[in-house]
2 protein chains.
Amino acid sequence: MISLSPASTIKTAVTCANCNLDNLCIPKGLPRSEVGELGLLVSRNNMCQKGGAIYHAGSPFRGIIALRSGSVKLVSLDSEGNELVVDFILPGELLGFDGLANDRHNCTAIALETVNYCHLPAAKIEILATQTPGLSHVLLQRSCSQFDAQVQKMMLHRRSADARVACFILHISDRLKQRGYAEMEFRLSMSREEIGNYLGIAHETVSRIIHLFQDRDLIEIKSKQLKIKNKKELFDLFATTTPNSPSQGT
Amino acid sequence: MISLSPASTIKTAVTCANCNLDNLCIPKGLPRSEVGELGLLVSRNNMCQKGGAIYHAGSPFRGIIALRSGSVKLVSLDSEGNELVVDFILPGELLGFDGLANDRHNCTAIALETVNYCHLPAAKIEILATQTPGLSHVLLQRSCSQFDAQVQKMMLHRRSADARVACFILHISDRLKQRGYAEMEFRLSMSREEIGNYLGIAHETVSRIIHLFQDRDLIEIKSKQLKIKNKKELFDLFATTTPNSPSQGT
DNA sequence: AACAATTATTGATCCAGCTCAAGTTTTTTA
DNA sequence: TAAAAAACTTGAGCTGGATCAATAATTGTT
């Protein structure tokens with residue numbers, strides 16, 4: 001528990017308007033004028049320990065979450081209690097949309113390491129929508145982006161295990177880059193098991209492929225620390241036509 | 001081309017307020033008072049022939065579509081031009097959300113038979129959102145439902161081919177029922193190829209499983225005409241624990 | 001620092017479903 | 001209504017990746 005620096009009493013407290021994630025988080029695409037208003041309603045500096053849940057599947061929708069630091073896995077449970085890793089959320093990204101459809105979460109959000117997050121309460125969203133019409137649109141866009149991401153994931157499921165792992169590495173790299181982190185060297189905060197679950201392959205296969213990539217000098221892996229050594233070839237591998245014959249449709 | 005009954009000149013023209021799909025389409029969950037307003041902005045009675053595209057991937061987002069009759073497949077194309085069937089849309093359901101994230105469609109919507117649809121123009125959505133705050137929320141809910149549906153689809157990808165086909169049949173049945181159609185006997189408007197593509201299995205496998213189900217007296221199939229004879233057993237098949245060992249997580 | 005628990009690696013075997021192939025039926029077009 | 005095209009069925013063999021198994025490396029705990 002961090003009990004230092006009570007942000008609320010400091011004059012230059014972080015708000016949406018001056019947050020370093022302001023053009024990635026909710027405000028991205030939101031008119032400057034509306035960011036201030038948003039800032040007043042967001043609850044900041046919430047914490048969750050590694051392994052803890054930010055929200056549980058089945059619990060009522062409490063609002064949209066913006067990750068400030070740390071990463072999260074979004075999991076769904078089937079009838080037998082098997083976990084499906086739906087997505088990984090990185091700092092600066094939003095989560096919670098799985099609760100909007102029927103005011104109850106379909107997924108559980110679990111911290112992969114200690115996370116710090118902001119929280120836009122559900123009750124305020126609709127109220128806010130009237131005053132700041134841009135917000136509705138931004139939220140709608142974000143929620144649709146989630147859909148798009150899932151479509152991309154489906155596309156990936158037609159490719160070989162190699163291609164999936166290559167794509168996964170490149171995708172994480174890309175997202176980190178966008179958020180100002182190193183794109184060629186980073187820590188995978190999720191386990192092989194979680195990666196495999198997410199990609200739809202066995203964790204043994206993930207391990208094998210990661211080491212195959214290392215043998216081919218495409219990456220360097222030491223436990224969870226990853227270094228990309230040949231981005232182009234990784235990309236080629238991902239783009240290579242491994243699946244069934246290319247059927248040209250009209 | 002149907003040139004009879006110019007609806008606009010008939011006094012009792014169909015609007016959202018008196019449409020027979022009113023509690024399935026956009027108005028579902030929308031306050032009665034706002035339905036009237038919506039009705040004024042929707043373009044009705046648009047047609048698209050079998051095989052035609054309602055919109056193309058890459059084209060600018062023009063609005064949300066509500067299917068009145070006929071069904072549609074939503075496809076995405078990978079870099080090599082291979083088709084991925086993302087979803088099937090049935091009468092009374094909405095489509096177009098794949099265009100909201102960045103004002104350009106990510107998917108192509110193709111009519112599986114002649115379709116009739118309503119169209120809520122993009123330009124009007126944001127304007128309308130200010131006047132009828134409920135609309136934003138409804139749209140947000142719908143778009144998130146799409147996300148949920150994709151998560152369900154991902155779950156399905158961990159199951160055996162049999163379970164996927166069983167689930168597919170039950171899912172279509174359920175959606176048709178909700179819309180007032182017969183739930184135990186209906187026409188599959190999509191080809192085996194499209195079903196297989198959607199489910200991530202070869203079309204030969206779809207065919208084999210459908211006939212296996214018929215041999216077991218679970219269904220009766222004649223070309224595209226399907227009759228469910230044993231819903232319970234189909235459901236059990238879908239719910240049966242085929243995948244990897246049940247790991248109980250904390 | 002030593003122990004325990006979790007997570008990762010690596011090998012060997014096996015099978016669900018893919019691919020290829022060759023008819024058959026249904027649908028479309030002329 | 002017949003011919004052509006498209007969609008569907010059914011068989012046979014092959015393989016990518018799952019599963020099982022046994023060790024090794026991390027990570028967390030006392």
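Just so we're clear, the structure is a prediction, and the values are computed from it rather than from any experiment.
- Side-chain atoms of B:R179 come within 3.5 Å of backbone atoms of B:P91 as a donor-acceptor pair (strictly under, hydrogens ignored).
- The pair A:E183-A:K231 meets the salt-bridge criterion, with a side-chain N (NZ, NE, NH1 or NH2) lying under 4.0 Å from an Asp/Glu carboxylate O.
- Atom CD1 in A:I209 sits about 8 Å away from atom P in D:dA18, given to the nearest Å.
- By the 4.0 Å N-to-carboxylate-O rule, A:E80 lies too far from B:R158 to be salt-bridged with it.
- Of the candidates C:dC18, D:dG28, D:dT10, the closest approach to any side-chain atom of A:K50 belongs to D:dG28.
- With hydrogens and angles disregarded, a donor-acceptor distance shorter than 3.5 Å links the side chain of A:N197 to the backbone of A:V85.
- The nucleotide whose nearest atom lies closest to any side-chain atom of B:S223 is, among D:dT19, C:dT27, C:dC20, C:dT27.
- In this structure, the ring of B:Y198 has its center less than 6.0 angstrom from the ring center of B:F88.
- Remark: C1' of C:dA21 and CD of B:E204 are 10 Å apart, rounded to the nearest angstrom.
- Residue A:R208 places a side-chain atom within donor-acceptor reach of the base of C:dG11, judged by atom type and a 3.5 Å distance cut-off alone.
- Of the possible donor and acceptor atoms, none in the side chain of A:Q150 sits under 3.5 Å from a partner among the backbone N and O of A:F147.
- For the pair B:R159 CZ and C:dA16 C1', the interatomic distance rounds to 15 Å; values are reported in whole Å.
- Atom C1' of nucleotide C:dA8 and atom CD1 of A:I210 are separated by 10 Å, given to the nearest angstrom.
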Set out, line by line, the N/O atom pairs under 3.5 Å between protein and nucleotides 1-4 of chain D.
none

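- Listed by first and then second residue, the side chain to side chain donor-acceptor pair (under 3.5 Å) pairs involving residues 56-77 of chain A are A:S71-A:E113, A:S71-A:S189, A:K73-A:E83, A:K73-A:E194 (not counting sequence neighbours).
- Contact check, B:K224 against D:dC8: a side-chain N or O comes under 4.0 Å of OP1 or OP2.
- Across the protein-nucleic acid pair, A:E193 atom CD and C:dA5 atom C1' stand 16 Å apart, rounded to whole Å.
- The distance between atom CD of B:Q225 and atom C1' of C:dT25, rounded to the nearest whole Å, is 16 Å.
- Salt bridge annotation for A:K177-A:E185: absent, with no cationic side-chain nitrogen under 4.0 angstrom from a carboxylate oxygen.
- In this structure, of D:dA18, C:dT28, C:dG17, it is C:dG17 that holds the atom nearest to the side chain of B:T205.
- Residue B:H203 places no side-chain N or O under 4.0 Å from the OP1 or OP2 atom of D:dA7.
- Looking at which nucleotide of DNA chain D each of A:R164 and B:E194 is closest to, the 5′-most match is held by B:E194.
- Rounded to whole Å, the distance from CZ on B:R158 to P on C:dG17 is 14 Å.
- Looking at the side chain of B:D162, the nearest of the listed nucleotides D:dG17, C:dT10, C:dG17 is C:dG17.
- At the heavy-atom level, A:G196 lies nowhere under 4.0 Å from the strands shown.
- Here the shortest heavy-atom pairing between B:D98 and B:C107 reads OD2-N, 3.1 Å.
- Inspection of the B:N45 and B:N116 side chains reveals an N or O donor paired with an N or O acceptor under 3.5 Å.
- Backbone-only contact: B:G200 has heavy atoms under 4.0 Å from sugar-phosphate atoms and none from a base.
- A heavy-atom distance below 4.0 Å to DNA chain C is reached by none of the residues of residues 184-192 of chain B.
- What separates NE2 of B:H157 from C1' of D:dA18 is a distance of 17 Å, to the nearest Å.
- Within the nucleic acid shown, A:A202 comes within 4.0 Å of at least one base atom, counting heavy atoms only.
- Of the candidates C:dG17, C:dT9, D:dT10, the closest approach to any side-chain atom of A:H211 belongs to C:dT9.
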